[in-house]
Undergrad: 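Quick one: this structure, given as structure tokens, is what I'll be asking you about.
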Amino acid sequence: MVREQYTATTPGTNLQRPETQYVYNVGIYGWRKRCLYLFVLLLIVILVVNLALTIWILKVMWFSSIGMGYLHVHSEGVRLEGESEFLCPLYVKEVHSRKDESLHLQSTHNVILNARNTDGNVTGRLRVGPDLIHFDGQHFQINSVNLDRKPLFTVNEDEVTVGTDKLRITGPEGALCERSIETPLIKGVKGLTNAKELRHDGKPSLNHKNMLMLDAETLRLPKLPQGTNGESDTDQELYEVCVCLDGRLYLALADEVSNCLPYSHICQ
């Protein structure tokens with residue numbers, strides 16, 4: 001509202017008439033004032049609700065200065081304690097378990113580990129299923145846990161290599177090889193045998209504590225030494241395989257009576 005002020009003067013006086021002054025009264029009145037107060041009150045309520053929700057989320061998710069819940073963030077990496085479920089792929093450089101504890105990876109279907117190159121292509125894949133462990137790659141190797149990291153088992157496209165000093169097969173039927181085998185030494189384990197010797201009555205007999213059985217359609221021993229003791233009366237050059245006390249084999253001329261001598265010069 002604008003209000004004008006006037007000053008009355010008496011005739012004959014020399015008073016200057018003051019300039020007209022305008023007074024402005026600024027304010028919000030009526031329904032506008034009530035709407036403003038209601039809007040400010042609504043903002044305060046929203047602010048309080050947001051603050052309460054934020055505090056509740058921080059409490060439920062266990063947010064702290066070092067991480068969230070069992071997930072702790074350190075300078076050397078991320079440490080996760082307890083059981084966790086990953087719904088999306090996990091990309092990490094290294095995965096370690098806690099000291100003196102095992103690392104368990106569980107899945108309702110398969111556990112798949114992929115190795116990729118710089119272009120993102122899969123170069124190796126290990127898939128652990130309910131009935132089969134499947135590996136896709138150009139080279140597979142198992143090393144010992146010693147400091148020398150000696151390779152124990154190696155597989156590639158060309159060959160399979162067993163790097164142990166001893167290979168023991170304890171299955172009930174032994175080892176089945178579809179192709180040829182070349183080895184400098186075959187030795188049976190003392191006191192253990194899976195071969196069964198049948199007596200004349202058809203019942204099994206296990207009197208031999210150290211037995212080595214070679215069962216094949218064709219058995220070749222091309223580099224056995226030939227003994228010089230014993231002569232054969234037959235015209236055909238027939239030989240018999242003799243065994244030394246230490247297990248070495250050699251050939252002797254076959255005759256009606258065996259020419260195998262346990263103390264032959266070959267066995268010395």
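For reference, positions follow the sequence shown, starting with 1. Both backbone and side-chain heavy atoms feed into the values below; hydrogens, waters and symmetry mates do not.
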Undergrad: Kindly compute the distance separating CG (Leu42) from CG (Leu47), expressed to the nearest 0.5 Å.
TA: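 If I round to the nearest 0.5 Å, the distance is 11.5 Å.
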Undergrad: Please say whether more than 12 non-hydrogen atoms of neighbouring residues, nucleotides or ligands are located less than 6.0 Å from CZ in Arg116.
TA: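 Yes - once you tally the heavy atoms of other residues, nucleotides and ligands closer than 6.0 Å, there are more than 12.
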Undergrad: Heavy-atom count around Tyr37 OH within 6.0 Å, excluding the residue itself: above 12?
TA: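 Not more than 12 within 6.0 Å, no.
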Undergrad: Could you list the residues that satisfy side chain to side chain donor-acceptor pair (under 3.5 Å) with Gln141, not counting sequence neighbours?
TA: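 His139, Asn143.
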Undergrad: Using 30° and 60° as the class limits, which term best fits the ring planes of Phe135 and Phe140: parallel, tilted or perpendicular?
TA: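 Phe135 and Phe140: tilted rings.
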Undergrad: With a 4.5 Å limit on heavy-atom distance, are the side chains of Arg79 and Arg98 in contact?
TA: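 Yes; the side chains approach each other to less than 4.5 Å.
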Undergrad: Are Tyr250 and Leu224 close enough, and set up right, to give a side-chain contact (heavy atoms from CB on, under 4.5 Å), and what steps lead you there?
TA: CA-CA 5 Å; Tyr250 68 95; Leu224 290 182; 5.7 Å; no
Undergrad: Can you confirm whether the side chains of Asn110 and Arg127 place a donor and an acceptor under 3.5 Å from each other?
TA: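 No, Arg127 and Asn110 have no side-chain donor paired with an acceptor closer than 3.5 Å.
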Undergrad: CG of Leu80 to NE2 of His72: how many Å apart, nearest 0.5 Å?
TA: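 Between atom CG of Leu80 and atom NE2 of His72 there are 9.0 Å.
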Undergrad: For the atom pair CH2 (Trp56) and CE (Met61), what is the distance rounded to the nearest 0.5 Å?
TA: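 Separation between the atoms: 9.5 Å.
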Undergrad: Among Asn156, Thr154, Leu152, exactly one meets side chain to side chain contact (heavy atoms under 4.5 Å, CB included) together with Thr161. Which residue is that?
TA: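 Single pass found, and it is Thr154.
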Undergrad: Hey, is CD on Gln138 packed in by over 12 heavy atoms from elsewhere, all under 6.0 Å?
TA: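 Check fails, neighbour count at 12 or below.
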Undergrad: To the nearest 0.5 Å, what is the distance between OG1 (Thr164) and CZ (Phe153)?
TA: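 Between Thr164 OG1 and Phe153 CZ, I get 10.5 Å after rounding to 0.5 Å.
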Undergrad: Could you tell me whether the side chain of Asn117 and the main chain of Asp119 form a donor-acceptor pair under 3.5 Å?
TA: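 Yes; judged by distance alone, with no hydrogens or angles, the pair exists.
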Undergrad: Are Val78 and Val95 connected, step by step, through hydrophobic side chains (Ile, Leu, Val, Met, Phe, Trp, Tyr) whose heavy atoms are closer than 4.5 Å?
TA: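 Yes.
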Undergrad: Check the surroundings of atom CD1 in Ile133: do more than 12 heavy atoms from other residues, nucleotides or ligands lie under 6.0 Å from it?
TA: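 Counting other residues, nucleotides and ligands, CD1 of Ile133 stays at 12 neighbours or fewer.
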Undergrad: Could you give the distance from SG (Cys260) to CG (Leu249), rounded to the nearest 0.5 Å?
TA: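 Reported to 0.5 Å precision, the distance equals 10.0 Å.
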Undergrad: Determine, using the 4.5 Å side-chain heavy-atom cutoff (strictly less than), whether Trp62 and Ile66 are members of one ILVMFWY cluster.
TA: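 The answer is no; the residues belong to distinct hydrophobic clusters.
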Undergrad: Verify side-chain contact (heavy atoms from CB on, under 4.5 Å) between Leu105 and Val128, making sure each step is shown before the conclusion.
TA: CA-CA 10 Å; Leu105 299 178; Val128 181; over 6 Å; no
Undergrad: Can you check whether Leu126 reaches Ile112 side chain to side chain, under 4.5 Å on heavy atoms?
TA: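 Contact flag for Leu126/Ile112 side chains = no.
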Undergrad: So, do Glu94 and Val92 sit near enough that their side-chain heavy atoms are less than 4.5 Å apart?
TA: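 Side chain of Glu94 against side chain of Val92, heavy atoms only: no contact under 4.5 Å found.
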Undergrad: Is Ser97 reaching over with its side chain to a backbone N or O of Glu101, donor-acceptor style, under 3.5 angstrom?
TA: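 Looks like yes, one N/O pair under 3.5 Å.
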Undergrad: Which value, rounded to the nearest 0.5 Å, describes the distance between Phe63 atom CZ and Thr54 atom OG1?
TA: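 These two atoms lie 11.0 Å from each other.
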Undergrad: Applying the 4.5 Å side-chain criterion to the ILVMFWY set and letting contacts propagate, would Leu51 and Ile46 be lumped into a single cluster?
TA: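 Result: no, two separate clusters.
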Undergrad: Please confirm whether the backbone N or O of Ala115 pairs with a side-chain atom of Thr123, one donor and one acceptor, at under 3.5 Å?
TA: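 Such a contact is found between Thr123 side chain and Ala115 backbone.
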Undergrad: Do Val60 and Leu58 sit in the same hydrophobic cluster, where Ile, Leu, Val, Met, Phe, Trp and Tyr count as joined when their side-chain heavy atoms come under 4.5 Å apart?
TA: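 Hydrophobic grouping puts Val60 with Leu58.
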Undergrad: Mind running side-chain contact (heavy atoms from CB on, under 4.5 Å) on Leu251 and Val241 for me, showing each step along the way?
TA: CA-CA 5 Å; Leu251 295 178; Val241 180; 3.9 Å; yes
Undergrad: Would you say Leu113 and Ile142 are hydrophobically clustered, going by side-chain heavy atoms of ILVMFWY under 4.5 Å?
TA: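 Yes; tracing contacts between hydrophobic side chains, which count when under 4.5 Å, links both residues.
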Undergrad: Nearest heavy-atom pair of Pro130 and His109: which atoms, and what distance?
TA: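 Reported closest heavy-atom pair: CD-O, 3.9 Å.
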